[in-house]
Amino acid sequence: MIDNLRNIFATALKQAFGDDIIPVEPLVVPATNPKFGDYQCNVALPLAKQLKEKPRAIAQQIIDKIDIKDWGNPLEIAGPGFINITIKSEYIAKQIGEVYQDENLGVSKINNPQKIIIDFSSPNIAKEMHVGHLRSTIIGDTIARILEFRGHDVLRLNHVGDWGTQFGMLIAFLRLEKPEVLTTANAVDIGDLVTLYKQAKLKFDQDKEFKETARQEVVKLQNKDPESIKAWQLLCEQSRKEFQVIYELLNIQINERGESFYNPFLPDIIKDLEDADLLVKDDGAKCVFLDNFVNKKGEPLPLIVQKSDGGYNYATTDLACLKYRIQQDKATTIIYVTDAGQANHFTQVFQVAKKANFIPENVKLVHVPFGLVLAEDGKKIKTRSGETIRLKDLLDEAVNRAKKDLENRLETEARNEDENFIHQVSQIVGLSAVKYADLSQNRTTDYKFSFNKMLALQGNTAPYLLYAYVRVQGVSRKGNINLENLNINQGIILKEDSELVLAKHILQLDYIIKEVEKDLLPNRLCLYLFELSQKFNQFYDQCPILQAEEEVKLSRLILADLTAKVIKLGLSLLGISVLERM
RNA sequence: GGGUGCGUAGCUCAGUUGGAUAGAGCAACUGCCUUCUAAGCAGUCGGCCACAGGUUCGAAUCCUGUCGCACCCGCCA
């Protein structure tokens, strides 16, 4: 819809002022206020300077070139020179019919699909996933789903922390304390592993002799000592299984390709940087000096790519990663979903990669940063004893609370439901509440985590959206109507205000999805779905469906069913499933 | 000290990239269930958009400065 309008206005602009006109983007946007119509074109104001004419006169000349009678009411010039566009309700009705029959609900596929890598989640081996991994995991997943839906070729990569000095430490410790862990699968669970890790760290910091053993263990690992590699693989396997539990709970698809994958390519990176004349030895470490990054004294800051002991660090891995993803995976867009604290790191790595000519013109590197999850008091989220909260515990609590809410409601409403129903509903409500609460915030800022707010049945929450969907299914059950078999041929009738408002909102799905694809802000999709649910509830309140006369009833059923379809699609893009009853 | 981000209603947050009288939700208060799930709807109350300048037809949005908060800053990731 909006694309059509933009084309119409672009053509009109050229007809009125010639091809040389410098276009102002965007040409058409949804109206900021319903009283200004459905869409508006604001270009006359900025063009005033360029054309040396009055804005209202410019607006008039644009209007004169537009033939509107098929789809809109006469265009109006308002205020200093805004052009207000109102779409005829017959045209809206026609569009609704088309969207209803389109399997993608009017969202077109992209013309030039890209190969996109999304790097997200990325927990560390031998550690448990905690709240900190929540945002990366679900934001990354949502972005992947949206880009896939638009037709891109998406590769989801889990850049797990599966390498580094800490493994030497852990393996050395286990050799002493729990050797069976290193030779048998499933000898400990992850919780114990985390405890052992902490003990190892303690010993590492206190015991000089142990520290040396740990160092030697790193060397053995790096030299591919079979016994050490075997131990390392067992540890990874153990963690992997634990991650999988979370991913299945959250319905996350992701391919593991950890840091260790890039080990063989690290020496080449140093060589590349050397060949590009970028490498400088400083204090024994090999570095690349950066532009626009200075230390306290105003001297350029280095990016260290090889430590003085010969070891590589994460900057090196990230460079190898970039090179591999571009050359081997043929990625044209690479997206990193990490916390905002790593913004500096990525600017630095991207800068060096560009200097080293790793990044061709057509490749886009995108850091998608997000803020922290805070406790309700605005401080860092922690358990009472001051430890980080395990992601598993957090999700379990959400589900348990959802279950309690449900059981309370069943009691007050004197409803009887079986165990299976209660389990399924609380599972979906609890998990979707956590996901939705996160995704509905603008990801760039920190947000306060509140079970009460996310599980609330009113407001911009998952349960509110789920309920709107359930209401439609309720109508179909009550009326004994199969929504799959509605006869669309009769056409849609939009007479009541709330019908028209709902219909117009449905038609914006296409625009919203494209906006989210562009700026990678899932909260905009959430807001759209929330407003959709609100508009549906208003319609539901004001327009009886089943009691209406036959033609109107069919039309309203289609509108309700289409709303449900949009909610279902929208939520699926957020990684959330719907319920038939709740 | 330098860098980045943030500061919007009592609370939690939007604000479509510079557009019209700044919007939601929660909380508080008032109405609406013999009618498709009231888990809803309608309404009232609530603002110096941190502060001060500047840019222009027009600023919560862009620039400069000040204050406050958070995060990052050479061999961890």
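Values below: every heavy atom of this structure, side chains too, minus hydrogens, waters and symmetry copies. Naming: A, B, ... by sequence-line order, numbering from 1 per chain. Just so you know, these numbers come straight off a predicted model, no measurement behind them.
- Residues from residues 126-139 of chain A lying near RNA chain B, meaning a heavy-atom separation below 4.0 Å, are absent.
- Contacts between residues 80-87 of chain A and RNA chain B, defined by a heavy-atom separation below 4.0 Å, involve A:Phe82, A:Asn84, listed by number.
- Considering only the side chain of A:Leu527, B:A14 comes nearest among B:A14, B:A77, B:U17.
- Residues passing the ring pair (Phe, Tyr, Trp, His ring centres under 6.0 Å) test with A:Tyr528 are A:His505, sequence neighbours excluded.
- Between the C1' atoms of B:U64 and B:G19, the separation comes to 24 Å (whole Å).
- Taking the side chain to side chain contact (heavy atoms under 4.5 Å, CB included) definition, one finds that A:Glu551 meets it with A:Gln490, A:Ile493, sequence neighbours left out.
- When the salt bridge (Lys or Arg N to Asp or Glu O under 4.0 Å) test is applied to A:Lys364, no partner is found at least two apart in sequence or on another chain.
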Every protein N/O within reach of nucleotides 6-12 of chain B N/O, cut-off under 3.5 Å:
unit_1, atom_1, unit_2, atom_2, d
B:U12, OP1, A:Lys448, NZ, 2.5
B:U12, O4', A:Lys453, NZ, 3.3

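- The side chain of A:Lys380 has B:C71 as its nearest neighbour among B:C26, B:G15, B:C71.
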At a cut-off of 3.5 Å, list every protein nitrogen or oxygen paired with a nitrogen or oxygen from nucleotides 31-36 of chain B, distance to 0.1 Å.
unit_1, atom_1, unit_2, atom_2, d
B:U35, O2', A:Gln547, NE2, 2.7
B:C36, O2, A:Leu546, N, 3.4
B:C36, N3, A:Ile545, N, 3.4
B:C36, N4, A:Tyr540, O, 2.3
B:C36, N4, A:Cys543, O, 3.4

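- For A:Lys307, the side-chain atoms get nearest to B:C75 when compared with the rest of B:C71, B:U17, B:C75.
- Among residues two or more places apart in sequence or in another chain, the side chain to side chain contact (heavy atoms under 4.5 Å, CB included) test is passed with A:Gln60 by A:Ile63, A:Asp64, A:Ile77.
- Residues from residues 42-50 of chain A lying near RNA chain B, meaning a heavy-atom separation below 4.0 Å, are A:Leu45, A:Pro46, A:Lys49 in numerical order.
- Helical stems of RNA chain B (runs of at least 3 Watson-Crick or G-U pairs, donor-acceptor distances under 3.5 Å) are listed by first residue: B:1-7 with B:67-73, B:10-13 with B:23-26, B:28-32 with B:40-44, B:50-54 with B:62-66.
- Looking at the side chain of A:Gln40, the nearest of the listed nucleotides B:A20, B:A24, B:G74 is B:A20.
- For A:Gln547, the side chain to side chain contact (heavy atoms under 4.5 Å, CB included) partners at least two apart in sequence or on another chain are A:Pro544.
- Comparing B:A20, B:G25, B:C71 against the side chain of A:Ala78 picks out B:A20 as the nearest.
- By the ring pair (Phe, Tyr, Trp, His ring centres under 6.0 Å) test, A:Tyr464 pairs with A:Phe530, sequence neighbours left out.
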